[in-house]
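Bear in mind that the values here come from a model prediction, so they are computed numbers and not experimental data. Here is the naming used below: chain letters follow the sequence lines, and residue numbers restart at 1 for every chain.
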Protein chains: 2
Amino acid sequence: MSRDLDISVCIIEDDETIREGYAYLIGQTPGYKIAGSYPSFEDAAKKIAQDDPDVILLDVELPGISGIDAIPKLKKLVPDAFILILTVYEQELLIFRALGNGASGYLTKNTSPEKIISAIHEVMEGGGPMSAHIARMVIHSFQRNEASPLTRRETEILEQIATGKSRKRIAQELFIDLETVKSHIKNIYHKLNVHSKADAIKTAKDNKFI
Amino acid sequence: MSRDLDISVCIIEDDETIREGYAYLIGQTPGYKIAGSYPSFEDAAKKIAQDDPDVILLDVELPGISGIDAIPKLKKLVPDAFILILTVYEQELLIFRALGNGASGYLTKNTSPEKIISAIHEVMEGGGPMSAHIARMVIHSFQRNEASPLTRRETEILEQIATGKSRKRIAQELFIDLETVKSHIKNIYHKLNVHSKADAIKTAKDNKFI
DNA sequence: ATTAAAATAACCTTGTTTGGGTGATACGTT
DNA sequence: AACGTATCACCCAAACAAGGTTATTTTAAT
């Protein structure tokens, strides 16, 4: 069976036991092969371009440069590789930074061997594999706070303000008078207990009112 | 075996064949039961609160009020139910509106019966089940355009502007002079070919520069 | 080591925007 | 009848935005 058609995988993970466990898992699975395996980004940087992997399994807690910060650099070295984060960390900030930096999937380390293999396959097929809890957090990030004190119109106007539009322009686009927009804004400020555009936007975003 | 511990499911789907197919699938699977089954939101609205389902399978293309718009209303009727979208549509706008309105998962209709069952289970366990392609789109929505014409500092400043902060405040928070902020903004406007804050923010967001 | 790109800053002008106070009208729903 | 919501009016002073031009200092890439 030709190994050229196999999906080639690189691993960047500092824990030797885990790294070799993954390498063994992937190496013995038909259709998959290991192109390289490194304990840090610095080590990977030298050779990974030649490895030319299809998928990179990346840990977030690495010695030296962190996995999160390594993502854009890996993208430059191997632009067509998919990066799959594999980590114990489930902090929202980390997840969103990883995805924002260009990761195509995010798995936690309790993921079963079969699921890791299927995630590698899935990412090659245009999917975005995530552990269940991660997926929920990602979905949750799209959702609004139902208990907003703002009325529908106030919310609409605050959203417009958050796009940088002036009150005058908002008035024109909503076909209402500038004075009306000002009234709404005053009410918004009172309800949110703020005294400026920036603070209103911040409070509203923090509380998912917009 | 007690049916009280079963996961109870409601279905809102206008196509009778599909609806009854799902109902049969769920009804015959141990651990799951059908609490109700309706061809439209209007029909569901009358009885679904009494059904008190754990999970609602919801189609997006319904006669009368659309599935998307039904989500917030269903949330009011059955606040603790998880809503799973089950549809043929894969348009980004629809997906993000559904998730933003409170859906906890999004499956396409080619999903296998086994995966539908496991998605229902997953959503009860705190997951966010999505079809592979949907998950990729969701992840993609977090990612920036790598080909931005803006420098790091310009990007940073435009992000600050997008939070509604004044140039003066940005200068203070970045420990640079107001004149420097103004210089950066002029350069941003030139690069993006715009002449206002609002246009710069819109262009940058549309192109995922910020 | 050199060069190019990026970040920094100054000085100018004009018109617009913002935040705040106070009050009033109209329209639904409860 | 009372309430929340959306609408509009008139007042004020301070801050802000957009545009022009030029120039220096860092920092990163070759």
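- By the side chain to side chain donor-acceptor pair (under 3.5 Å) test, B:Glu90 is found to be paired with B:His133, residues two or more places apart in sequence or in another chain being considered.
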Each nucleotide N or O in nucleotides 28-30 of chain D that has a protein N or O under 3.5 Å away: list the pair and distance.
none

Tabulate below the donor-acceptor pairs under 3.5 Å that side-chain atoms of residues 69-79 of chain B make, not counting sequence neighbours, or state none.
from, atom 1, to, atom 2, distance (Å)
B:Asp69, OD1, B:Arg97, NH2, 2.9
B:Asp69, OD2, B:Ser66, OG, 3.3

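- Listed by residue number, B:Ile176, B:Asp177 are the residues of residues 157-177 of chain B with a heavy-atom contact under 4.0 Å to DNA chain C.
- Listed by chain and residue number, nothing satisfies the salt bridge (Lys or Arg N to Asp or Glu O under 4.0 Å) test with B:Glu20 (two or more places apart in sequence, or in another chain).
- Checking the phosphate oxygens (OP1, OP2) of C:dA6, no side-chain nitrogen or oxygen of B:Arg152 falls inside 4.0 Å.
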Sort me out a list of protein N/O and nucleotides 28-30 of chain C N/O pairs below 3.5 Å, or just none if empty.
none

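- Scored by the side chain to side chain donor-acceptor pair (under 3.5 Å) test, A:Asp80 finds no partners at all (sequence neighbours excluded).
- Partners of B:Glu92 under the salt bridge (Lys or Arg N to Asp or Glu O under 4.0 Å) rule, at least two apart in sequence or in another chain, do not exist in this structure.
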**Complete:** Applying the Watson-Crick and G-U criteria (both distances under 3.5 angstrom) with [ ] for crossing and | for other-strand pairs, one obtains for DNA chain D ||||||||||||||||||||||||||||||

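- Residues from residues 178-193 of chain B with heavy atoms under 4.0 angstrom of DNA chain D, sorted by number: B:Lys182, B:Lys186, B:Tyr189, B:His190.
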Anything under 3.5 Å between a donor and an acceptor, one on a side chain of residues 172-182 of chain A, the other on a protein residue two or more places apart or in another chain? List them.
from, atom 1, to, atom 2, distance (Å)
A:Glu173, OE1, A:Lys165, NZ, 3.0
A:Glu173, OE2, A:Arg169, NE, 3.1
A:Asp177, OD1, A:Glu179, N, 2.8

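- Applying the ring-ring contact (aromatic ring centres under 6.0 Å, His included) rule to B:Phe142 yields the partners A:Phe96, A:Phe142; only residues at least two apart in sequence or on another chain are considered.
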